[in-house]
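Let me begin by presenting the structure, written as structure tokens, before commenting on it.
Just so we're on the same page: letters track the sequence lines, and every chain starts at 1. Only a predicted model underlies this, so the values are computations on that prediction, with no experimental measurement involved.
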There are 2 protein chains.
Amino acid sequence: MAESNRKTQILKDSSRLFRKRGYTATSMRDIAAELNIEAPSLYNHIKGKQEILQILLLDLAQAFTHGMNTINESSLSYRSKLERIIKLHLDLTILNPDGMALLTSDWIHLEEPAFGEFVKMREGYELSFRHILRETLKKEGKESANIDLALFSILSTLRWLYSWYLKNPDINPIELEKEMTENLLSGIFNRK
Amino acid sequence: MAESNRKTQILKDSSRLFRKRGYTATSMRDIAAELNIEAPSLYNHIKGKQEILQILLLDLAQAFTHGMNTINESSLSYRSKLERIIKLHLDLTILNPDGMALLTSDWIHLEEPAFGEFVKMREGYELSFRHILRETLKKEGKESANIDLALFSILSTLRWLYSWYLKNPDINPIELEKEMTENLLSGIFNRK
DNA sequence: GTCTATAAGAGGATAGAC
DNA sequence: GTCTATCCTCTTATAGAC
């Protein structure tokens, strides 16, 4: 992941710039300027702009897939698994908010085969999420709810959490987790 | 808004392309190709690429501001106003899903003074939303909730609804409204 | 590992014929 | 109102000196 110190620096600065201006609108000169070097110097550390995007996105998608696998393989109740998934999103958001922004918007600019790998990982993730959500709803006798719409609501909020976190970086993570779990799950389970 | 037929066509095709590839990654040649003309011909109808973005975004922001004003000036209860705001989002999403995508992501690429106007309108809108949400929570004795986080959750879901709608265009709008209102408001009001 | 110079191409936009 | 030709700038990336 982080061979040299310089490469780590490039990846970090790139993700921040990509988050702020978008991948396409960020130039190699912009990235280089952030490191106080000239653009061609970047190519001693990375193959090109596309490689930066691929590393950033695929590493993060891996972290999500790995986290979901761990939850899936556990012996927790479905409801607890659901809470763990929310915690997984929160943890990764606090650890890497810039990366989360790319996951939400700049993944479209991935080129093949990275694009296909990314979409496949995301689909697998959402399928697991959907399964756990459906089983939880079943156990709580709420089979009537529109699962896809509920999943979509939860994912939308979790995906945009990075922007909220960037504006409120001082929040207590445990408080945040408590509030988010309430907001997201009560909407589905505590209907009148 | 729509002086000539050609201009309307340009705006419509542009918003679809911007939604799919992003503003920066869409070229004037791409837009022209969609209309089966050459890029320079576009300039007989619009001043440039930036003008297209500005018309699309400011018109839609206007629609939101106007809708919110109408709700604010009404004599409805706060809870009913909240439901009307959700309906406003749903209506505009169904009417113009491509535009909603720009509202969520491509507004960063607006240049001044359009950028400032847009941000000002959005801030006013969110302030009204926040006020109505707070008053509703107060009336229902739920003052403990984190209002900003609740507002953020609701807005995240509403802003991403366009992507869900594009994948599920056959849903009954009334059914959608009912489900969304349940999902979004129960999470805040029906906590155990 | 960083630099300067530069290639090769894409993009927004204009001029002027028809 | 659309076209072809063209300008100018920005962009990614490479070559080769230091």
Side-chain angles (χ1 to χ4, degrees), chain A residues 1-58 102 105-115, chain B residues 1-58 102 105-115:
Chain A
M1 287 196 197
E3 284 96 72
S4 74
N5 210 345
R6 204 53 156 167
K7 187 166 181 176
T8 312
Q9 223 179 335
I10 292 172
L11 291 172
K12 202 177 154 146
D13 285 340
S14 297
S15 69
R16 197 181 60 257
L17 288 178
F18 290 168
R19 192 249 308 155
K20 287 206 271 191
R21 313 178 193 176
Y23 173 76
T24 320
T26 303
S27 72
M28 293 300 270
R29 285 173 179 81
D30 292 334
I31 298 168
E34 209 75 3
L35 293 146
N36 287 312
I37 57 175
E38 297 298 316
S41 305
L42 293 169
Y43 293 84
N44 282 300
H45 309 280
I46 40 96
K47 287 201 190 75
K49 189 179 163 184
Q50 175 66 206
E51 196 200 36
I52 297 176
L53 186 68
Q54 296 188 1
I55 293 172
L56 292 173
L57 279 171
L58 293 182
L102 309 188
S105 40
D106 273 329
W107 62 273
I108 338 173
H109 300 113
L110 282 173
E111 293 166 11
E112 295 289 4
F115 181 86
Chain B
M1 292 197 195
E3 287 95 71
S4 76
N5 210 345
R6 204 54 155 165
K7 187 166 181 176
T8 313
Q9 222 179 337
I10 292 172
L11 291 172
K12 199 174 156 151
D13 285 341
S14 296
S15 70
R16 198 181 60 257
L17 288 178
F18 290 168
R19 192 247 312 152
K20 287 206 272 192
R21 312 177 194 176
Y23 173 76
T24 320
T26 303
S27 71
M28 293 300 272
R29 287 167 177 83
D30 291 334
I31 298 169
E34 209 75 4
L35 292 148
N36 288 312
I37 58 176
E38 297 299 317
S41 306
L42 293 170
Y43 293 84
N44 283 299
H45 308 282
I46 41 97
K47 286 203 191 74
K49 190 179 164 185
Q50 174 68 205
E51 196 200 38
I52 298 176
L53 186 68
Q54 296 190 1
I55 294 172
L56 292 173
L57 278 171
L58 293 184
L102 308 189
S105 41
D106 273 328
W107 62 273
I108 339 175
H109 300 114
L110 281 174
E111 294 166 11
E112 295 290 4
F115 181 86

Given atom [atom1] of [X] and atom [atom2] of [N], what is their separation to the nearest angstrom?
X	N	atom1	atom2	value
B/Gln50	C/dG11	CD	P	17 Å
B/Ile31	C/dG12	CD1	P	8 Å
A/Glu38	D/dC10	CD	P	15 Å
A/Glu51	D/dT12	CD	P	15 Å
B/Ile37	D/dT4	CD1	P	12 Å
A/Leu42	D/dA15	CG	C1'	17 Å
B/Arg6	D/dG1	CZ	C1'	9 Å
A/Asp30	D/dA13	CG	P	14 Å

>> A/Glu34: which residues meet the side chain to side chain donor-acceptor pair (under 3.5 Å) condition with it, sequence neighbours left out?
In response: A/Arg16
> Are the side chain of A/Ser15 and the backbone of A/Lys12 linked by a donor-acceptor contact shorter than 3.5 Å?
Replying inline: yes
> Residues from residues 13-29 of chain A sitting under 4.0 Å of DNA chain D, heavy atoms only?
Replying inline: A/Thr26, A/Ser27, A/Met28, A/Arg29
>> Suppose we screen for ring pair (Phe, Tyr, Trp, His ring centres under 6.0 Å). Which residues come up paired with A/Phe18, at least two apart in sequence or across chains?
In response: A/Tyr23
> In residues 108-115 of chain A, what residues come within less than 4.0 Å of DNA chain C, judged by heavy atoms?
Replying inline: none
Beyond-backbone contact of [X] with [Y], side-chain heavy atoms, under 4.5 angstrom:
X	Y	result
A/Arg6	A/Leu35	yes
B/Ile46	B/Met28	yes
A/Lys47	A/Ile52	no

> Of all the choices, D/dT4, D/dT12, C/dC3, which nucleotide is nearest to the side chain of A/Tyr43 once you look at every atom?
Replying inline: D/dT12
> What's the closest nucleotide to the A/Lys49 side chain, out of D/dA15, D/dT12, D/dA5?
Replying inline: D/dT12
>> I'd like to check the side-chain contact (heavy atoms from CB on, under 4.5 Å) partners of A/Ile108; sequence neighbours left out, ordered by chain and number.
In response: none
> Any side-chain donor paired with an acceptor under 3.5 Å for A/Thr8 and A/Asn5?
Replying inline: no
> A/Asp106: what forms a salt bridge (Lys or Arg N to Asp or Glu O under 4.0 Å) with it, not counting sequence neighbours?
Replying inline: none
> Counting only side-chain N and O atoms of A/Ser41, is one of them less than 4.0 Å from OP1 or OP2 of C/dG1?
Replying inline: no
